[in-house]
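Report on the following structure.
Labels below follow one simple rule: chain letters A, B, ... track the order of the sequence lines, proteins then strands, and each chain is numbered from 1. Atoms considered below: every heavy atom in the structure, side chains included; atoms not considered: hydrogens, waters and symmetry mates.
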Amino acid sequence: MAIIEVKNLVKTYKISEKQNGILGYIKHLLHPKYREQTAVNNVSFNIEEGELVGYIGENGAGKSTTIKMLTGLLTPTSGSVVVNGLVPNEKRIQNNKQIGAVFGQKTQLWWDLPVIESFRLIKKMYDIPEGEYRKNLKKFTEILQLEELLDKQVKNLSLGQKMRCEIAATFLHNPKIVYLDEPTIGLDILVKDNIRKFIKDINKEKKTTVILTTHDLKDIEEVCDRIILIDKGSIIYDGEKEKFKDIYGNKIIAEFVVKNKTKSVTLETQEEDFEVIEETENSLKIRFNHDKLTVINIVDSISKYCEILDMHVQEQGLEEILKEIYRGEIIRD
Amino acid sequence: MTNVIKNISLYLSFVKTSMKEMLIYRLDCIVGMLSQIFTELVEILFIWIVFQNTETLAGWTFEHILLLYGITLLSVGISDFCFDALYDIGPKYIRRGEFDKILLRPVHPLISIIGDSKEFTSLGYFGLGLFLVITMFIKLAIPVTFGLLLQIVFFSIIGASIIGAINTIFSISSFWTYRSNEVIWSFYRTYTFTQYPIDIYNGFIKLLITAILPFAFVAYYPTMSYLGMNSYMLYLSPVVAIVLWFIAIKVWNFALNKYRSTGN
Amino acid sequence: MLKSMLKIGKMRWQEYNIYPSNFYLFTLNRIVEVVVYIFVWQAIYNQTGNAGGLSIEQMVTYYILVATLRPIILWGCNEDMAYSIRNGQIHKELLNPISYFQYYFGMEIGEFAFATVVGLATFVCCAIFWKVMIPASILHFLLFIFIILLSVPITFSLQMIVGTVGFYSNSIWGMQILRTAIISIFSGIIAPITLFPQWFQTLNNFLPFKELIYTPINIYLGQISLNEIGIIIIKQIIWGILLYMLAKFFFNHAVKKVTINGG
């Protein structure tokens, strides 16, 4: 059975249309006008225990709204969310015991107190057994390098230090599911690497299910096995990360500078496994799947029709793929 | 002299920008104003209850005390409006690191900060003060001559500047603690002592409010004069104000230099 | 759960004590607040030989106990709550494995502890300058403490109600001052209730505020019979439950609004 089951989830916000000026304000009080906006539109997915899922999409695509519904902070307009047998927005406190969450820069650490005090509070609130708490604290301190931070006041920590402590706090009670909303935003590369390694380690050891939303696709590349891509409130891809690259990407774009072209390459190579995107008198732009062909194959093919002077090869990364998807340049097969 | 004029004009331009910002918070501001008036009304209720038990308090009648209360509120209203940002030096400017930005401006930081003041809610104090002053003058049948009016305007401003100077002196605590607002407030609050005839107090408090934190010069001595109680102490008010500002600026500059050289 | 709340209370206490200056300043402020009242009544007593129907010792003791109890009754975490609502911190607090009310009740415990210490320090300082009467009897003193403890649910609920306003308005400052003003007038902070007009006293009998300040002080002074105290205790328990339910209802209503239409 899946640990998270989401079925036909819809969230519609009522947005009040305010008018300007005092007159408009009074009008609004008497006759409030609302506009409906669908943030999440009929989303369904199942997540199995121990999965590392990257939940990605542009700003305003509906990521945060989905996460808030999964954690029970928002009530769905329709559809259902079941997390480990619980409906989060009905049994919020019970659900809270089995989850952990990081929301960007918002912290659960007490600003004026040493970090360790907040950890101790978490231990009490989640009823973490002494042994388990010690074991986790020791392990987390090691991986996240918290040794010198624990006795410092939170307000004296840097952004990266704070986030490392926050991550540790989130995993302290061995949550079954962890939601990480932009955990690496604004951090430097070393801290990012550190946090990614931590998430992978804990997932491997404790089979913690992790749902990660991020703008930094390196997070996804390095941490996640599965991608759910949401756009304008609907899921447009759900599956393995590698497969995602196969379908949308893992493609290479090769640009050639040529001369003495004899025939139209586009027409001559129609049967072949690659695609000519652009052709002029002395240039060619070709896209091909890296799994099936190599640059040598392409060179072989086109050199029959022209003389190659120069070439430039570039790989399509996750980021470029997503950019193209958002721009509508790639439409799923 | 040109230096002073330049500083004053800079100050005015800061106030203008602050006012624009403040208009955005109109509603909050009205709520704040009403609630401040409400708090003062609670105090006035106390005075009313007191006068249910007596005709006079150290020779002052209910109306006399309310006039004193009103005159005090005029100065308090003006000073809260003009010097409110002093409270923010610790919790806002220094804590959030905005103070360094202020140090980079080509003006004395104190002027920058005071210019950022925009406590519109203090207009509530001012309004209530005005109301009390007008009704009490009518009730007491004191003829309001042009001279008296001029005196009230002049001494209210002097009173506000006395409060401002005292707050400026204590605002140097910002350089050592973020919670400076509470330090300032602790000392500022003693102005409430002077809303009653000082004859009711013991020697220590009399000394405190006339010499150490000379709030008595804000409204008490001027009001005595308005009521014809033969007090010439009010003519000392401007002197007190000038001396206090002299001390305030010296102390502030000293603290600022210390802060600059050691950091926080 | 109780352990978590005590831990939260302890942390709140620690927060206050990070700045030792807090303690001195707060105590100083409490004393300054009460000085005027005491001197005014002393002046009246010197003029008329009477201070509002009480002896001057009683009146002075009354106001010193007001200064002692004032922080206990008025301090709380409604501003923290409003702040957490405003900056979205509430999302994290709603994901705690204990309820939001329990979390803030924990804070209230810390507030109560710190306020008590400040109150006691104020009492001791005042006792140096003025003659303070001792409690009417040990029993009266214990009942005085008991009534104060019973006021905790009432003040906590009022805190939560004001804090919840943060869901609807950017600033709870106005509400905060309104709460302080109402409590100041009706609880007897500004003057003993018997000095107010009759209609006010009648009205006040139907409200819970008198039991926060005026009643416990009068028990301390031995002015209330034991029978009456029994009724007062029942009344206070009923008010505590009612206000708590109201606070909870209001809060749940506000949270529902947020969970249905976003933060």
Please assess C:Leu195 against B:Trp48 for the test side-chain contact (heavy atoms from CB on, under 4.5 Å), listing each intermediate value before the final yes or no. CA-CA 10 Å; C:Leu195 298 183; B:Trp48 182 80; over 6 Å; no
Per-residue contact mode, C:Glu33 against chain B (heavy atom under 4.5 angstrom): both
Contact check, side chains of C:Val32 and B:Phe187, non-hydrogen atoms, under 4.5 Å: no
Nearest heavy-atom neighbours spanning C:Phe196 and B:Ile49: CZ-CD1, 3.4 Å
If I measure from the heavy atoms of chain C, does B:Asn202 come under 4.5 Å with its side chain, its backbone, both, or neither? both
If you measure from CD1 on B:Ile200 to CD1 on C:Ile38, what distance do you get to the nearest 0.5 Å? 11.0 Å
Chain C heavy atoms under 4.5 Å from B:Glu43: which part of the residue, side chain, backbone, both or neither? side chain
Max heavy-atom pair count under 4.5 Å with chain B, selected residue of C:Thr48, C:Asn50, C:Val35: C:Val35
Between atom CZ of C:Arg179 and atom OG of B:Ser35, what is the distance when rounded to the nearest 0.5 Å? 13.0 Å
Using non-hydrogen atoms and a 4.5 Å limit, figure out which bit of C:Leu25 sits close to chain B: side chain, backbone, both or neither. both
Could you tell me which non-hydrogen atom of C:Ile190 sits nearest to which non-hydrogen atom of B:Phe46, and how far apart they are? O-CD1, 3.3 Å
More than 12 heavy atoms of other residues, nucleotides or ligands under 6.0 Å from OH of C:Tyr19: is that the case? yes
Gap between atom CZ of B:Phe38 and atom CD1 of C:Ile177 - 0.5 Å precision: 11.0 Å
Which portion of C:Tyr37 sits near chain B, non-hydrogen atoms under 4.5 angstrom: both
Measure the spacing between CD1 of C:Ile44 and CD of B:Gln52 and express it to the nearest 0.5 Å. 10.5 Å
Please say whether more than 12 non-hydrogen atoms of neighbouring residues, nucleotides or ligands are located less than 6.0 Å from CZ in C:Phe200. yes
4.5 Å side-chain heavy-atom contact, C:Tyr24 and B:Val183: no
Tell me, for C:Asn22 versus chain B, whether the close heavy atoms (under 4.5 Å) come from the side chain, the backbone, both or neither. side chain
Applying a strict 4.5 Å limit to non-hydrogen atoms, the region of B:Glu182 in contact with chain C is both
Determine whether a donor-acceptor pair (N or O, by modelled atom type, separation under 3.5 Å) exists between the side chain of C:Gln47 and the backbone of B:Thr54. no
Could you have a look at B:Leu34, B:Thr192, B:Leu41, B:Thr56 and say which one has the most heavy-atom pairs with chain C under 4.5 angstrom? B:Thr56
Counting heavy-atom pairs under 4.5 angstrom with chain C, the leader among B:Thr39, B:Leu45, B:Thr190 is B:Leu45
In a check of side chain to side chain contact (heavy atoms under 4.5 Å, CB included) between C:Val40 and each of B:Ile65, B:Ile47, B:Val50, which one passes? B:Val50
When rounded to the nearest 0.5 Å, the distance separating OH of C:Tyr45 from CG of B:Asn53 is 13.5 Å
Identify which part of C:Ala181 has an atom lying under 4.5 Å from any heavy atom of chain B, answering side chain, backbone, both or neither. both
Below 6.0 angstrom between ring centroids: does that apply to B:Tyr196 and C:Phe39? no
Rounded to the nearest 0.5 angstrom, the OG-CG distance for B:Ser186 and C:Asn29 is 3.5 Å
